[in-house]
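Below: one structure, written as structure tokens.
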There are 2 protein chains.
Amino acid sequence: MEMLDPLLHQPLRTQLAAFLAGAGEATFSELKRQLDVSDGNLDSHLKKLIAADYVNVRKDDSAARTQTCYALSPTGRAALQNYILALQKLLTMDNPEPSAPAKRRETKMKAA
Amino acid sequence: MEMLDPLLHQPLRTQLAAFLAGAGEATFSELKRQLDVSDGNLDSHLKKLIAADYVNVRKDDSAARTQTCYALSPTGRAALQNYILALQKLLTMDNPEPSAPAKRRETKMKAA
DNA sequence: TATTGACACTCTGTTTTACAGAGTTATATA
DNA sequence: TATATAACTCTGTAAAACAGAGTGTCAATA
């Protein structure tokens, strides 16, 4: 059975990835606002995505405060595509043999 | 932001729900085979779905061994539908303002 | 230029979740 | 009757999610 990328298949991270896919790039605070999540939790999930090279980090010195910008990497974008495909496949499975009991050895009826 | 049902948004449970949606009903062992998961793990995930009334349990005495059949309840079916809709909404978000920095107070350039 | 405040993170500890494997009961088969 | 096996269930451990406190930096004000 098709496996769902556990890195993406988690509420917060799915939303994170989806948001980044749409937004292109976002700062820590933007993500925090969007996802309405605690600092620590956002940090830990971002770290996971960064560790897997799903997310790129870019320090932006142009603004008054140095900002850290997060964005989906090509790897992350591909993983997300793949993940969406897996979901579609899984959730539109129309007929996986209606309750086919797989091979099972003959079962005798309970003694009558 | 739309929340993804954490009960369904977990690799094993998503697959469980998807499989049951397609198969109608399945025994413990069938699920175990399909999902390739340990007994204990399957049990704990099933328990969660049952506790939430997403899954119905039916004891079937007609077979040689009393079999326990698991199936999606109406609640579960509705939750799954809802979940799929939420996913679609989330994953096709086409333009959530490309990196719009939300309102932020005026920032002066770093002293030149 | 010291002070206060707020923003942007990061670190640490606690709670919750996922998981594997051992244990239990009951039914076949030898 | 003994042995094996299917169908669960229980329990302990490992991993993940999470909140909040801590740290450093900038910037506005006095």
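All values below come from the heavy atoms of this structure, side chains included, with hydrogens, waters and symmetry mates left out. First the proteins, then the strands, lettered A, B, ... as listed; each starts at 1.
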(request) State which of C:dC19, D:dT9, C:dC11 makes the closest approach to the side chain of B:His45. (result) C:dC19
(request) Give the nucleotide from the list D:dC8, D:dA19, C:dC9 with an atom nearest to the side chain of A:Ser38. (result) D:dA19
(request) State whether B:Gln10 places a side-chain N or O below 4.0 Å from either non-bridging phosphate oxygen (OP1 or OP2) of C:dC19. (result) yes
(request) Grab the CZ-P distance between B:Phe28 and D:dC8 for me, whole Å please. (result) 7 Å
(message) Counting only heavy atoms not in B:Asp53 (residues, nucleotides, ligands), do more than 12 fall under 6.0 Å from its CG?
(response) yes
(message) Between B:Asp5 and B:Tyr54, is there a side-chain heavy-atom distance shorter than 4.5 Å?
(response) yes
(request) Give the C-alpha distance, both sets of side-chain angles, the deciding distance and a yes or no for side chain to side chain donor-acceptor pair (under 3.5 Å) between B:His9 and A:Thr14. (result) CA-CA 9 Å; B:His9 201 64; A:Thr14 305; 2.7 Å; yes
(request) Could you tell me whether the phosphate oxygens of D:dA7, OP1 or OP2, come under 4.0 Å of any side-chain nitrogen or oxygen in B:Ser29? (result) yes
(message) What's the closest nucleotide to the side chain of A:Tyr70 if the choices are C:dC9, C:dA22, C:dA18?
(response) C:dC9
(request) Using whole Å, report how far NZ of A:Lys32 lies from P of C:dC9. (result) 11 Å
(message) Let's see if you can work this out: which of D:dC18, D:dT9, C:dA20 has an atom nearest to the side-chain heavy atoms of A:Asn41?
(response) D:dC18
(request) Tell whether A:Asp43 reaches the base of C:dC9 with its side chain through a donor-acceptor pair below 3.5 angstrom. (result) no
(request) Report the distance from atom CD1 of B:Ile84 to atom CD of A:Gln88, rounding to the nearest 0.5 Å. (result) 11.0 Å
(message) Counting only side-chain heavy atoms from C-beta out, which of D:dA19, D:dC8, C:dC11 sits nearest to B:Thr27?
(response) D:dC8
